[in-house]
Protein chains: 2
Amino acid sequence: MSATSHLDRAPSLADVLAQRLEQDIAQGHYAPGEKLPSEQQLATTYGVSRPIVREAIGRLKHDGLVTSRQGSGAFVAESGGASVFRLDVSNFKDREEIESLIELLMAIESSATELAAQRRTEQDLIALGHQLEAMQAAIERGDSGVDEDVAFHRAIVEATKNPFFMDLSTFLDRRVRHFIRTARANTAKLQTGHMMAVQDEHRDIFNAIRDKDAQRARQAAENHLKRAAQRLAIYMKRV
Amino acid sequence: MSATSHLDRAPSLADVLAQRLEQDIAQGHYAPGEKLPSEQQLATTYGVSRPIVREAIGRLKHDGLVTSRQGSGAFVAESGGASVFRLDVSNFKDREEIESLIELLMAIESSATELAAQRRTEQDLIALGHQLEAMQAAIERGDSGVDEDVAFHRAIVEATKNPFFMDLSTFLDRRVRHFIRTARANTAKLQTGHMMAVQDEHRDIFNAIRDKDAQRARQAAENHLKRAAQRLAIYMKRV
DNA sequence: GTTGCCATCTTGTCAGGCAACTTGGTTATG
DNA sequence: CATAACCAAGTTGCCTGACAAGATGGCAAC
């Protein structure tokens with residue numbers, strides 16, 4: 001078996017064709033609103049069958065780059081840009097990618113905390129309080145507390161009422177959670193001390209949101225995330 | 001321009017099937033790592049042909065929800081979550097969606113400016129200076145200056161060296177740019193005054209980045225974005 | 001000149017089939 | 001008896017061919 005395990009999955013024909021068409025559109029080879037060649041024509045020019053062309057175009061349609069009308073043809077979308085944004089995370093192993101992801105997470109999370117402080121309802125506050133208690137219970141149980149940690153942050157972004165923040169945050173949480181979990185499992189000794197620190201920082205955030213103090217909430221979030229990143233760095237060093 | 005609204009695009013069979021499968025996976029109907037039925041089987045159960053099934057599964061593959069191995073079958077991806085994040089922006093008309101998008105843009109941009117101040121190279125600074133001059137020239141020419149405005153912000157996010165910031169920012173810029181452009185076209189009178197204000201704010205950001213003063217850079221960016229949002233709100237009221 | 005109709009093109013979908021690959025059991029061999 | 005080679009069934013990847021539904025442009029009739 002080669003060292004590259006599943007990094008090089010066979011790129012299907014539809015894959016490369018879709019990528020190629022996407023590239024052609026991005027480079028302005030096909031203007032916005034312009035009708036691109038028929039499926040049959042594309043099939044002959046690129047030397048593949050029509051179903052393959054269909055699959056590739058279907059992908060572009062799914063990404064909002066083209067819109068097709070039956071009987072008329074396929075047209076590249078107006079305004080040049082796609083209506084969906086794709087954030088491709090290739091692999092966990094890449095350290096730079098992780099750090100970039102964490103930076104993005106910190107940006108989102110701190111802004112979300114600020115917004116949450118401005119907009120939180122009584123209900124949001126109650127939910128946050130429950131998550132705080134759940135975290136405390138997890139600490140006393142001796143659990144890892146990762147789920148409760150994530151749930152607390154989740155409650156914050158939900159208080160923003162901004163669907164983009166919520167979606168992005170859940171995605172990033174999912175991607176980073178693995179690290180935290182595996183890292184913490186390897187260093188059980190340090191857990192309780194660290195987790196009590198986490199809990200204190202969470203409480204600071206909670207209090208700021210309770211007081212609707214946006215600036216303090218942001219600072220508390222930044223402080224928490226910075227420390228969390230440091231703790232994570234310590235964990236990662238060991239691996 | 002065609003008056004035909006493209007709001008109601010016919011949902012193709014592959015579309016609904018992909019959505020259905022995605023839903024089934026999200027709801028845990030198919031466990032992570034589990035092999036899902038063969039294409040033939042899915043075709044018969046859902047009453048469609050195999051190419052349709054292929055197209056639907058191809059979409060899920062593209063979104064990282066499933067991985068297929070030739071000869072073996074298709075398996076839902078591990079860790080439950082997709083490896084790509086999709087940010088669907090349905091339509092410009094929705095006011096709430098726009099405001100949510102702008103909030104996200106502000107969060108990204110202000111954090112990016114802070115990071116840029118920490119990491120900018122001499123080359124980054126030169127590029128930023130050029131964009132600043134280009135903006136000045138646009139003002140004196142009487143141009144809209146939207147492109148130069150975007151280019152300046154683009155140069156900032158590029159200085160972060162974080163690909164996720166860059167990609168997300170370009171996407172959001174593209175989505176918001178339309179508004180700015182159409183809005184400014186309608187209110188040509190106010191342009192010059194506003195644009196000089198924009199230029200002053202840009203200069204503040206530039207100076208902070210030049211001095212590598214991250215905190216000041218962030219504040220300058222927040223100030224600029226907040227004012228920009230206000231200006232945009234004024235424009236939008238007129239429409 | 002306007003209107004209605006039709007041939008033609010394009011997309012959407014289906015059916016069938018072959019090649020490449022994986023898998024599990026079966027058989028031959030030591 | 002254990003092990004290794006082998007083969008047959010199942011599955012995905014891809015192709016050819018064909019028909020239905022919708023759109024488009026030109027042609028003919030009025």
Side-chain angles (χ1 to χ4, degrees), chain A residues 1-2 4-21 24-25 30-31 33-78, chain B residues 1-21 25 30-31 33-78:
Chain A
M1 197 51 99
S2 65
T4 58
S5 54
H6 43 77
L7 289 176
D8 50 358
R9 51 152 148 261
S12 70
L13 287 185
D15 236 320
V16 302
L17 180 55
Q19 201 167 348
R20 170 119 190 211
L21 288 176
D24 283 353
I25 291 176
Y30 298 116
E34 187 181 343
K35 175 182 168 302
L36 44 82
S38 71
E39 296 179 352
Q40 192 66 44
Q41 211 164 336
L42 285 173
T44 57
T45 55
Y46 286 103
V48 295
S49 72
R50 198 161 85 92
I52 297 299
V53 175
R54 278 195 61 73
E55 195 174 335
I57 289 184
R59 229 167 264 184
L60 299 187
K61 266 195 299 183
H62 192 225
D63 283 3
L65 276 151
V66 309
T67 59
S68 62
R69 294 197 298 273
Q70 183 172 330
S72 175
F75 305 81
V76 337
E78 304 281 350
Chain B
M1 234 1 140
S2 67
T4 60
S5 66
H6 38 77
L7 292 174
D8 48 0
R9 51 146 152 259
S12 71
L13 286 184
D15 235 319
V16 302
L17 180 56
Q19 202 166 348
R20 171 118 188 211
L21 288 176
I25 290 175
Y30 297 117
E34 185 182 345
K35 176 181 168 304
L36 45 83
S38 70
E39 297 178 352
Q40 193 65 45
Q41 211 163 337
L42 285 172
T44 56
T45 54
Y46 286 103
V48 294
S49 72
R50 210 183 128 213
I52 298 298
V53 174
R54 277 194 63 74
E55 195 175 334
I57 289 184
R59 224 165 271 182
L60 298 187
K61 264 196 298 185
H62 191 226
D63 283 3
L65 276 150
V66 310
T67 61
S68 62
R69 293 197 300 273
Q70 183 172 329
S72 176
F75 304 82
V76 336
E78 302 283 349

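Scope of the values below: all heavy atoms of this structure, side chains included, with no hydrogens, waters or symmetry mates. Chain A is the first sequence line, chain B the second, and so forth, proteins listed ahead of strands; every chain is numbered from 1. Since the model is a prediction, treat every value here as computed from it, not as a measurement.
For A:Q41, the side-chain contact (heavy atoms from CB on, under 4.5 Å) partners at least two apart in sequence or on another chain are A:P37, A:S38. For A:Y46, the side chain to side chain donor-acceptor pair (under 3.5 Å) partners two or more places apart in sequence, or in a different chain, are A:D24. Considering only residues two or more places apart in sequence or on other chains, A:A14 meets the side-chain contact (heavy atoms from CB on, under 4.5 Å) condition with A:S12, A:I52, A:E55, A:R59.
Counting non-hydrogen atoms of neighbouring residues, nucleotides and ligands closer than 6.0 angstrom, the CD atom of A:E34 exceeds 12 such neighbours.
B:R54 places its CZ atom 10 Å from the C1' atom of D:dT11, with the value rounded to the nearest Å. Going from atom CD of A:E55 over to atom C1' of C:dT11 covers 16 Å, rounded to whole Å. For B:I57 and D:dT11, the CD1 to C1' distance is 11 Å, given to the nearest whole Å.
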Hey, what are the protein-to-nucleotides 14-18 of chain C N/O distances that come in under 3.5 Å?
from: C:dC14; atom 1: OP2; to: B:S49; atom 2: N; distance (Å): 3.1
from: C:dC14; atom 1: OP2; to: B:S49; atom 2: OG; distance (Å): 2.9
from: C:dG17; atom 1: O6; to: B:R50; atom 2: NH1; distance (Å): 3.2

Under 3.5 Å, which N/O atoms of the protein pair with N/O atoms of nucleotides 8-10 of chain C?
from: C:dT10; atom 1: O2; to: A:G71; atom 2: N; distance (Å): 3.4

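Residue pairs meeting the salt bridge (Lys or Arg N to Asp or Glu O under 4.0 Å) criterion with at least one member in residues 42-51 of chain B, sequence neighbours excluded: B:E39-B:R50.
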Task: Candidate pair B:L42 and B:L36, rule side-chain contact (heavy atoms from CB on, under 4.5 Å), full reasoning - done: CA-CA 9 Å; B:L42 285 172; B:L36 45 83; 4.3 Å; yes
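Here the closest heavy-atom approach between residue A:V48 and residue A:L17 is recorded as CG2-CD2, 4.2 Å. For A:A43 against A:S49, the heavy-atom pair with the smallest separation is CB-C, 4.0 Å.
Note on A:R69: every side-chain N or O is 4.0 Å or more away from OP1 and OP2 of C:dT11.
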